[in-house]
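In each ligand, atom 1 is the first atom listed, and ligand 1 is the first ligand listed. Quick note: numbers below take in every heavy atom, side chains included, and nothing from hydrogens, waters or symmetry partners.
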Amino acid sequence: MVQADRFVREAVDEIAAEAGHHRVVIALSGGVDSSVCAALASRAIGDRLIPIYVDTGLMRKGETDRIARMFGHLNLRIIHAEDEFISALAGITDPEKKRKVIGERFIRVFEREARKTGALFLLQGTIYPDRIESEGGIKSHHNVGGMPVEIEFEKVIEPIRDLYKDEVREVAGALGLPPEIQHRMPFPGPGLAVRIVGEVTREKLEVVREANWIVEEELVDRYLPWQCFAAILGLGTGVKGDNRVHGWIVSVRAVNSRDGMTADPIEIPYDVLGIVASRITSEIPSVARVVYDITPKPPATIEYE
Ligand code: XMP
């Protein structure tokens, strides 16, 4: 790729030119893509940048506090929209419909905030694989295919639209962002909703959020994976005490990848998997079963929906 330093200079100039004298809203998620965009835009337009973090209720455990800590210096607005997202998802089981609903809500929340601030432009951290997967009809990324046609912003600026993830990480380094952000695992725009097969409910969200936390605690430092997480597959039978009970089936996934387009499962020894499974079933009593997913991409995707 072009040199990271040069990319930074050019992207800052491009954002400054595109934004003109306008205020710009950015969807800050705390991942490497949106953090890089916020840092570039902050250099380009200073406090005319209005970063907004939406707590969709679909985020990882502790995420909102973490974002507040890391980006508080940037005039960050934290929007609590958990109820709005979770009600909008009620009863929806089709994966594409879930993505569309989340994408649409997202944009609406931004429009609402932008109206309050007078911002006419939206800046997004869309990267190259997001665009080609959406254009190819594989799935609609919430930040691409799910965007309602009648968007109220005058302009959408996408400064890292031509970069792959590893290139974004290089740019993060060139910008001096902390390693915690630079090396953070990707997290999908629709959040934990794509780690719940079928309808999203508050109960399933709590379970998957806690299971994800455990998986990250046990596997991130050990394997430095491209991604590791937990997903809920459905209900199954288990035994608690003397009784057969219904409990959630949780799948653990840990993969390595270069750009998310293909991926290989990590060969995790049984004893480590055993620790993960026993922590999940004991710390989350409603889980009856834990499985480890050994499918590469293709044929499977990384996420479950
Ligand atoms: P899949 O599941 O398609 O995921 O193999 C490939 C990579 O993309 C991430 N992903 C998303 N990222 N919006 C995003 O911003 C989305 O809708 C989305 N869906 C998947 C996924 O976590 C993996 O890194």
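Of the heavy atoms in P188, both backbone and side-chain atoms come closer than 4.0 Å to ligand 1. When non-hydrogen atoms are compared, ligand 1 lies under 4.0 Å from neither the backbone nor the side chain of M261.
Listed by number with element, the atoms of ligand 1 under 4.0 Å from a non-hydrogen atom of R99 are 16 (C), 17 (O), 18 (C), 19 (N). Within the listing of ligand 1, atoms 1 (P), 3 (O), 5 (O), 6 (C) sit less than 4.0 angstrom from a heavy atom of K297.
The N/O atoms of R195, backbone and side chain alike, include none that comes under 3.5 Å of an N/O atom in ligand 1. Of the polar atoms of E303, at least one N or O is found under 3.5 Å from an N or O of ligand 1, judged by distance alone. Residue G189 has at least one N or O atom closer than 3.5 Å to an N or O atom of ligand 1. Between F187 and ligand 1, a contact under 3.5 Å exists for no N or O pair.
In this structure, Q182 and A172 approach most closely via the heavy-atom pair CG-CB, 3.8 Å.
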Let's go through Q124 and V156 carefully: what are the C-alpha distance in whole Å and the side-chain angles of both, what is the deciding distance for side-chain contact (heavy atoms from CB on, under 4.5 Å) to 0.1 Å, and is it a yes or a no?
CA-CA 7 Å; Q124 309 202 107; V156 178; 4.0 Å; yes
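With F187 as the aromatic partner, R60 meets the cation-pi criteria of under 6.0 angstrom to the ring centre and within 45 degrees of the ring axis. The cationic group of R195 lies under 6.0 Å from the six-membered ring centre of F229 and within 45° of the ring axis, placing it in a cation-pi geometry. A cation-pi arrangement is not found for R77 relative to Y53, the charged atom failing to lie both closer than 6.0 Å to the ring centre and inside a 45° cone about the ring normal.
Although no hydrogens or angles enter the test, the distance criterion places a donor-acceptor pair under 3.5 Å between the side chain of D130 and the main chain of I127.
Of the candidates G260, A263, A193, A300, it is G260 that places a heavy atom closest to atom 6 (C) of ligand 1.
With F85 as the partner, the side chain to side chain contact (heavy atoms under 4.5 Å, CB included) test is satisfied by one option alone out of V200, D55, V54: V54.
Look at W226 and you'll find a heavy atom under 4.0 Å from some atom of ligand 1.
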